[in-house]
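Before any comments, here is the structure.
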2 protein chains.
Amino acid sequence: MKKTITRTPYHHGDLRQTLIAAATELLLTEGIDGLSLRKLAERVGVSRTAPYHHFKDKGQLLSAIAAEGFRQRTEQAQRLFEDDSLSAELRFSLFFRDYIAFATASAPMYELMFGSPIWHNQQQTEELKQAAYPCFAQQLEMTKQWQAQGLLPAEQSPLRLAQVIWGAMHGIARLVNDGIYADASHVGEMIDCAVALFVRR
Amino acid sequence: MKKTITRTPYHHGDLRQTLIAAATELLLTEGIDGLSLRKLAERVGVSRTAPYHHFKDKGQLLSAIAAEGFRQRTEQAQRLFEDDSLSAELRFSLFFRDYIAFATASAPMYELMFGSPIWHNQQQTEELKQAAYPCFAQQLEMTKQWQAQGLLPAEQSPLRLAQVIWGAMHGIARLVNDGIYADASHVGEMIDCAVALFVRR
DNA sequence: CAAGCAATCTTGACAGTGTCAAAATAGCCC
DNA sequence: GGGCTATTTTGACACTGTCAAGATTGCTTG
């Protein structure tokens with residue numbers, strides 16, 4: 001029967017990547033709750049269960065999107081870390097600022113990356129872990145460097161310090177994105193305050 | 001017709017409070033995603049739409065639970081703030097520690113209290129705001145006191161400092177609860193590290 | 001005491017969701 | 001060209017939140 005809708009043939013070609021791209025767009029425009037597999041499939045022009053050939057379930061699709069978010073953030077931080085023209089203090093300050101900017105510029109992506117659906121119930125995919133953990137490992141290396149340069153307190157364990165710095169950035173980002181006790185108009189001064197607390201002058 | 005299930009009469013008596021109590025229990029045992037109105041109604045022994053007479057929608061029921069969580073946390077902190085036997089530094093350290101303990105002891109409650117479903121889309125109830133904001137206002141007052149006592153840096157804006165402290169506690173709590181870059185075995189040292197960064201000795 | 005009204009519930013129904021299994025289609029290889 | 005595999009569609013199910021109409025119950029008033 002001749003169908004009026006332009007439907008892809010059974011072998012789409014690269015449905016997996018197409019689904020990830022379209023789902024990322026849906027996520028950014030309608031948020032995590034607005035992203036459903038049925039809406040996604042309709043937008044891509046396949047049936048609602050076509051994604052199940054490429055992803056075990058919805059969670060694995062979301063994990064694939066989050067993994068890409070981590071890779072983008074890791075590359076962004078790497079460019080900053082490799083900028084030799086910056087003082088240690090300026091680099092730390094920009095690192096903190098860039099993190100919050102990344103989180104608030106794409107709040108739904110950030111919520112997905114750090115949201116419980118993909119991290120709970122032992123459901124993390126290998127791809128997600130392999131994208132997420134280097135992001136932290138990179139910051140841990142920079143933390144050691146900042147301690148060696150006297151910028152951050154050398155008496156603290158680098159790992160604990162890196163965790164606390166990440167926790168502070170993460171908490172500020174979440175409060176601002178969720179609009180609890182802070183909002184976008186507060187961000188600049190909050191970052192200045194936080195940086196001032198961490199660095200040793 | 002004689003029914004075999006023990007069904008409450010139409011006028012339950014105090015269905016609103018019963019729903020809140022039962023929903024809190026469901027939340028703590030099965031998490032936010034495991035809490036559905038149908039499951040809740042069945043547990044309480046009413047029909048699935050009985051809650052709609054007491055709550056506009058599911059979001060308002062969740063907000064009522066979260067408001068109670070904020071009240072409990074506010075009372076807990078107040079007891080600490082009123083303990084005159086503690087030094088300023090010990091009080092701050094315990095404040096930080098008690099917050100993380102509160103968050104990690106009831107992770108699903110904490111996730112509800114600070115989760116996006118009840119804070120987004122301009123859907124905050126008055127009850128939620130009236131419970132949540134005093135919790136922060138109380139900490140802001142203590143922050144001013146700690147600054148006056150020389151424990152925290154006096155040159156920072158009290159409001160920004162209070163926001164950053166809350167952000168740090170919030171971020172650490174979330175990372176630990178979600179198991180991203182930190183877990184329960186790290187908490188003690190992370191708190192010690194964070195407190196050491198904030199206080200002036 | 002009965003009627004009327006309001007409060008409070010139940011039932012029928014709908015739209016949407018994620019997921020599974022069976023069937024259909026299409027590409028590739030021998 | 002037939003067989004096999006990969007990839008899709010379709011039928012179906014269970015679950016969810018919510019709405020409207022109807023039923024039940026309690027209270028008030030005449």
ask   = Which pairs with one or both residues in residues 27-58 of chain A pass ring pair (Phe, Tyr, Trp, His ring centres under 6.0 Å), sequence neighbours excluded?
value =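 Qualifying pairs, neighbours excluded: none.
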query = What pairs of residues pass the ring pair (Phe, Tyr, Trp, His ring centres under 6.0 Å) test when at least one of them lies in residues 85-106 of chain B, not counting sequence neighbours?
reply =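 Sorted result for residues 85-106 of chain B: F81(B)-F95(B), F92(B)-W146(B), F95(B)-W146(B), Y99(B)-Y110(B), Y99(B)-W166(B).
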request  = Please examine the side chains of E111(B) and R174(B), heavy atoms only from C-beta on, and report whether any two atoms are closer than 4.5 Å.
outcome  =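 Touching, per the 4.5 Å side-chain cut-off.
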inquiry  = Looking at D33(A), I want to see if its CG is surrounded by more than 12 non-hydrogen atoms of other residues, nucleotides or ligands under 6.0 Å.
reply    =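 No, the 6.0 Å shell around CG holds no more than 12 heavy atoms from other groups.
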Please state how far atom [atom1] in [X] lies from atom [atom2] in [N], giving the value in whole angstrom units.
X: H11(A); N: dA24(C); atom1: NE2; atom2: P; value: 16 Å
X: L62(B); N: dT16(D); atom1: CG; atom2: C1'; value: 13 Å
X: D14(B); N: dA7(C); atom1: CG; atom2: P; value: 17 Å
X: D33(B); N: dT16(D); atom1: CG; atom2: C1'; value: 12 Å
X: H54(A); N: dT5(D); atom1: NE2; atom2: P; value: 18 Å
X: H12(B); N: dT10(C); atom1: NE2; atom2: P; value: 10 Å
X: L15(A); N: dA26(C); atom1: CG; atom2: P; value: 15 Å

request  = Could you check which residues of residues 16-23 of chain B get a heavy atom under 4.0 Å from DNA chain C? Sort them by number, please.
outcome  =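 Contacting residues: none.
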Under 3.5 Å, which N/O atoms of the protein pair with N/O atoms of nucleotides 13-23 of chain C?
from    : atom 1 : to     : atom 2 : distance (Å)
dA13(C) : N6     : R48(B) : NE     : 3.4
dA13(C) : N6     : R48(B) : NH2    : 3.4
dT17(C) : OP1    : S36(A) : OG     : 3.0
dG18(C) : OP1    : K58(A) : NZ     : 2.7
dG18(C) : OP2    : L37(A) : N      : 2.9
dG18(C) : N7     : R38(A) : NE     : 3.2
dG18(C) : N7     : R38(A) : NH2    : 2.8
dG18(C) : O6     : R38(A) : NH2    : 2.2
dT19(C) : OP2    : Y52(A) : OH     : 2.7
dT19(C) : OP2    : K58(A) : N      : 2.9
dT19(C) : O5'    : Y52(A) : OH     : 3.2
dT19(C) : O4     : R48(A) : NE     : 3.4

request  = Quick one: which residue pairs count as a salt bridge (charged side-chain N to carboxylate O under 4.0 Å, His left out) with a foot in residues 81-101 of chain B, not counting sequence neighbours?
outcome  =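 Listed once each, the pairs are E89(B)-R201(B), R97(B)-D192(B).
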query = Does the base of dT7(D) carry an N or O that pairs as donor and acceptor with the side chain of H53(A) under 3.5 Å?
reply =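 Flag unset: no donor-acceptor pair detected.
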Salt bridge (Lys or Arg N to Asp or Glu O under 4.0 Å) partners for [X], two or more places apart:
X: R200(B); value: none
X: E30(B); value: K39(B), R43(B)
X: K56(B); value: none

task = Identify, with sequence neighbours excluded, every residue that meets side chain to side chain contact (heavy atoms under 4.5 Å, CB included) alongside Q17(B).
result =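 Here the qualifying residues are D14(B), I20(B).
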